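The model shown is predicted, which means the values in this text are computed figures rather than measured ones. Sequence positions, counted from 1, serve as the residue numbers for this chain.
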Amino acid sequence: MRAMRTPPHPARACHALWLLLAFALPVQASELTPGAPASAPPVAPALPPRPAPFVPDTSPAQAAHEVCSQLPEPQWPQGVVGNAEYEAFITLREGRAVAITTRVIRGVGDRRLQRELMMRMDHANRGLVCDGFTGRVSRRFALPKAAP
């Protein structure tokens, strides 16, 4: 035998009716009369245009020692030596670094050490003093060589 559905509880019906009445939009008499002109719905204000995304400059880079007056060297970790070489491309806007891209020419085997070296190079590149220069510069970094 199939179970019969029970009718909804009267309190639920009252709650639904209350919600309809509480959140209903007020209706004016002119909207109910036939032949009255329909008013246009309100229009949201236009959003301001989005700013253009930053795109790093891809023009040929000048050597940093030709353009900048101060070139801080990275503070390498104690006891780290090897053949690792890196090249950094720094986009400058009015003398301040706005984008830094580091290319690994010959890296180290330990990824954790390589991330630390790259962070130290980025920190040194942020300290460049280039006196209002706008453009792209490059720097090369190499780990200290092991003593023979």
Side-chain angles (χ1 to χ4, degrees), residues 8-9 11-148:
H9 193 273
R12 286 189 181 173
C14 289
H15 182 68
L17 182 61
W18 178 83
L19 284 173
L20 283 173
L21 293 176
F23 294 105
L25 297 174
V27 177
Q28 297 183 4
S30 64
E31 294 178 8
L32 297 176
T33 58
S39 60
V43 177
L47 295 174
R50 288 185 174 183
F54 177 77
V55 178
D57 189 10
T58 57
S59 62
Q62 296 180 352
H65 67 273
E66 296 173 359
V67 176
C68 301
S69 59
Q70 290 183 2
L71 299 169
E73 287 296 320
Q75 299 296 319
W76 301 117
Q78 292 292 325
V80 175
V81 293
N83 297 350
E85 292 182 47
Y86 303 91
E87 185 173 20
F89 297 98
I90 304 109
T91 303
L92 300 169
R93 186 176 299 147
E94 297 176 9
R96 298 189 64 178
V98 293
I100 299 173
T101 305
T102 305
R103 183 172 65 115
V104 179
I105 297 170
R106 186 181 305 130
V108 294
D110 184 9
R111 285 294 298 154
R112 182 179 289 175
L113 177 61
Q114 181 142 322
R115 280 194 307 269
E116 182 179 351
L117 296 175
M118 292 176 83
M119 285 189 319
R120 288 176 184 241
M121 286 182 281
D122 281 354
H123 183 71
N125 287 330
R126 298 226 180 259
L128 288 175
V129 177
C130 298
D131 300 326
F133 178 77
T134 298
R136 194 164 180 226
V137 297
S138 67
R139 288 182 75 183
R140 288 195 136 209
F141 295 100
L143 276 179
K145 304 283 185 205

Notebook entry, point to check: Closest approach of Arg126 and Ala97, non-hydrogen atoms and distance?
Noted result: NH1-O, 3.6 Å

Check: Atom CZ of Arg140 and atom NE2 of His65: how far apart are they, to the nearest 0.5 Å?
Finding: 12.5 Å

Notebook entry, point to check: How far apart are the closest heavy atoms of Ala84 and Val108, and which atoms are they?
Noted result: CB-CG1, 3.8 Å

Checklist line | Donor-acceptor contact present, side-chain Thr91 to main-chain Val98, <3.5 Å | finding: no

Next item on the list: May I ask you to test the Glu85-Arg103 pair for a side-chain heavy-atom distance under 4.5 Å?
Entry: no

Note to self: Nearest 0.5 Å, please: how far is CE in Met119 from CG in Leu117?
What the structure shows: 9.0 Å

Item checked: Gap separating the CG atom of Asn125 from the CZ atom of Phe141, nearest 0.5 angstrom -> 4.0 Å

Next item on the list: Considering non-hydrogen atoms only, spot the tightest contact between Ala142 and Trp76 and give its length.
Entry: O-CZ2, 3.9 Å

Note to self: So that I can tick it off, tell me whether Arg120 and Glu116 are bridged by a salt bridge, with the cut-off set at under 4.0 angstrom between side-chain N and carboxylate O.
What the structure shows: yes

Margin query: Quick check: do Val129 and Asp131 have side-chain heavy atoms less than 4.5 Å from each other?
Written below: yes

Notebook entry, point to check: Got a donor-acceptor contact below 3.5 angstrom from the Thr134 side chain to the Glu94 backbone?
Noted result: yes

Next item on the list: Of all the heavy-atom pairs spanning Gly107 and Tyr86, show the shortest one and how long it is.
Entry: CA-OH, 4.0 Å

Note to self: Within this structure, what is the NE2-CD1 distance for the pair His123 and Ile100, rounded to the nearest 0.5 Å?
What the structure shows: 10.5 Å

Next item on the list: Taking all heavy atoms of Ala61 and all of Val137, pick out the closest pair and write down the distance.
Entry: CB-C, 3.8 Å

Note to self: Quick check for you: to the nearest 0.5 Å, what is the distance between Arg136 atom CZ and Thr101 atom OG1?
What the structure shows: 6.5 Å

Item checked: Shortest non-hydrogen separation from Pro72 to Ala124 and the atoms involved -> CG-O, 3.2 Å

Check: Going from SG on Cys130 to CZ on Arg93, what distance comes out if it is rounded to the nearest 0.5 angstrom?
Finding: 14.5 Å

